[in-house]
2 protein chains.
Amino acid sequence: MNAQPTDASFDTRQRLIEAAILTFAEKGFDGVGIREIALRAKANSALVTYHFGGKEGLYLEALRYIFNRKACHVAELAAAPRFEGPGAREAAIQGLKSHIRAFMEDLMACDRGPDPLDEAAMALMAREMQAPRPVSSALLMEQIRPHVEHLMHCLQVLRADLTTDELLNMGMSIQGQMLYFRNSLGIARLIRGNPNYPEDLEGVIRHFTDFSLRGLGIPEAFPQSRN
Amino acid sequence: MNAQPTDASFDTRQRLIEAAILTFAEKGFDGVGIREIALRAKANSALVTYHFGGKEGLYLEALRYIFNRKACHVAELAAAPRFEGPGAREAAIQGLKSHIRAFMEDLMACDRGPDPLDEAAMALMAREMQAPRPVSSALLMEQIRPHVEHLMHCLQVLRADLTTDELLNMGMSIQGQMLYFRNSLGIARLIRGNPNYPEDLEGVIRHFTDFSLRGLGIPEAFPQSRN
DNA sequence: GACTGATTCAAACGATTGATTAATTCTTGG
DNA sequence: CCAAGAATTAATCAATCGTTTGAATCAGTC
């Protein structure tokens, strides 16, 4: 593995990484050979060991590439200040709404157009989340933690009466519906008989927002008790 | 592959299938060799081809074994009659509660004690749901469809004012949080720093029930408007 | 143009893959 | 008891795996 890539090797490295994302996402780590990746990247398979130290090194670098590439909206929110004092509750509601919107927009990568690489990157992250490799679980945790903490902060402000465990359950339900939505897009399109679903992402975001606020137990979001 | 297994070969077949479930669940289809499975089953690796026609045949047989073994609670519910006439609403609420409980108990296989085989079976199904193999996707869909239809019927009774698309969104949120819970057990345990999570499955079931009923917009489930 | 280090390449490495073979053991009905 | 078929075994198959090798090619520097 070389120390720092030069301009000459940068293109090859990038092509290998992108081919790795596409192919790993499609078939999983064990379902792909480095020859297949190298062929897709129009590079020699020996370069995988040369540039990344091996197949696993390429896999790790692919994950890092995904994390760095996705200048997430969620990441910006995670850096927001804490909600305190009067108006904290309203701010937390707005923060939760923003989180759901940002997370959905990140999930769908809707602001960069339909990019197959983004699509594959999310599929690969989904694989990694379900069956985390020991070597990459730390990388994944480091990436997810700030988002989790920001969401948990919103929830804690909104439901100060709940225990930490109950708050984690709330967060799990909120994140779960969105991540499952992303993971099962293919099936959902089949069930609805609509290959373009969701045409109305705004409607889906609105649904997740309302469902989450009600599920969380926010009175303002509950239609029957609103008036 | 032999036509019908005799008594003599039944034990070996069973041992191979159970070893396959455990090992496939742990490392995925491509991450396991038949020698490793055979070693775990204390059998000869050539018997995989002899009894099941090959590695993929063993995998399919393992899935069938899971489906047959798991006399799912959800499957019983799916065969329940439709909710009609007076009391339909109460019945639908109870039906939804039962569905969530049954689905969670099936997901966690908690009613037969902590059986590593059941645990592995669910992990394998989770893998299969996220990245279904072409040969087994039909088997999986056939297994899942009745559960989806039963859930949709409950939702339709409870929220007759919603469009089909909105109802599908509701169902997606309800199933999503549970499936995500199952799929991301590994990450959840990392986040909580508790490898034994969830110790209190009842609490999780109660949470999903409350969250779903509130999210669905059922007034009775909303604490602030209950009294 | 010669030298240097980084990069790429074709070829081959040993190991392991799923599958096959042929011989052997086990089981069982006549 | 004994053929006959089923079940199991060790050994081996070709293919592929990730990796290594050594030479070729490239880009700069003196």
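Note on naming: letters A, B, ... go to the chains in the order of the sequence lines (proteins, then strands), and numbering restarts at 1 for each one.
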Quiz item: What integer distance in Å separates B:Arg15:CZ from D:dA7:P?
Solution: 14 Å

Quiz item: Does the side chain of A:Glu128 pick up a donor-acceptor pair with the side chain of A:Ser136 at under 3.5 Å?
Solution: yes

Quiz item: Distance check: side-chain N/O of B:Thr12 vs OP1/OP2 of D:dT8, anything under 4.0 Å?
Solution: yes

Quiz prompt | Side chain of A:Ala46 - closest among C:dT21, C:dC9, C:dT7 | solution = C:dC9

Quiz item: D:dT8 phosphate, OP1 or OP2: any side-chain N/O from B:His51 under 4.0 angstrom?
Solution: yes

Quiz prompt | Nearest-nucleotide pick for B:Thr49, side chain only, options being C:dT20, C:dG18, D:dG18 | solution = C:dT20

Exercise. Consider the side chain of B:Arg35, meaning its heavy atoms from C-beta on, and name the nucleotide among C:dA10, C:dA19, C:dT21 that approaches it most closely.
Key: C:dA19

Quiz item: Between B:Leu16 (CG) and D:dA7 (C1'), how many Å, whole number?
Solution: 12 Å

Quiz item: Can you tell me how far P of C:dT16 sits from CD1 of B:Ile37, to the nearest Å?
Solution: 17 Å

Self-check item: Interatomic distance where OH belongs to B:Tyr50 and C1' belongs to C:dA23 [whole Å]
Solution: 15 Å

Quiz item: Any N or O donor-acceptor pair linking the side chain of A:Asn44 to the base of C:dA10 at under 3.5 Å?
Solution: yes

Exercise. Find which nucleotide of DNA chain C each of B:Lys55 and A:Leu47 is nearest to by heavy atoms, and output the residue with the more 5' nucleotide.
Key: A:Leu47

Self-check item: Nearest listed nucleotide, side chain of B:Ile34, among C:dA19, D:dA7, D:dT20
Solution: C:dA19

Quiz prompt | Criterion salt bridge (charged side-chain N to carboxylate O under 4.0 Å, His left out) on B:Asp11 and B:Lys42, from CA distance to verdict | solution = CA-CA 11 Å; B:Asp11 284 347; B:Lys42 300 188 198 307; over 6 Å; no

Quiz item: B:Glu36 has an atom CD; how far is it from atom P of C:dT16, in whole Å?
Solution: 12 Å

Practice problem: Could you state the atom-to-atom distance from CZ of B:Phe29 to C1' of C:dT17 in whole Å? | Solution: 12 Å

Quiz item: More than 12 non-hydrogen atoms from neighbouring residues, nucleotides or ligands closer than 6.0 Å to NZ on B:Lys55, yes or no?
Solution: yes

Quiz item: With ring centroids as reference points, do A:Phe208 and A:Phe181 lie under 6.0 angstrom apart?
Solution: yes

Quiz prompt | Interatomic distance, A:Tyr59 OH vs D:dC17 P [rounded to whole Å] | solution = 18 Å

Exercise. Would you mind reading off the distance between B:Leu39 atom CG and C:dT17 atom P, rounded to a whole angstrom?
Key: 12 Å

Quiz prompt | Value rounded to 0.5 Å, distance of CD in A:Gln143 from CE in A:Met125 | solution = 6.5 Å

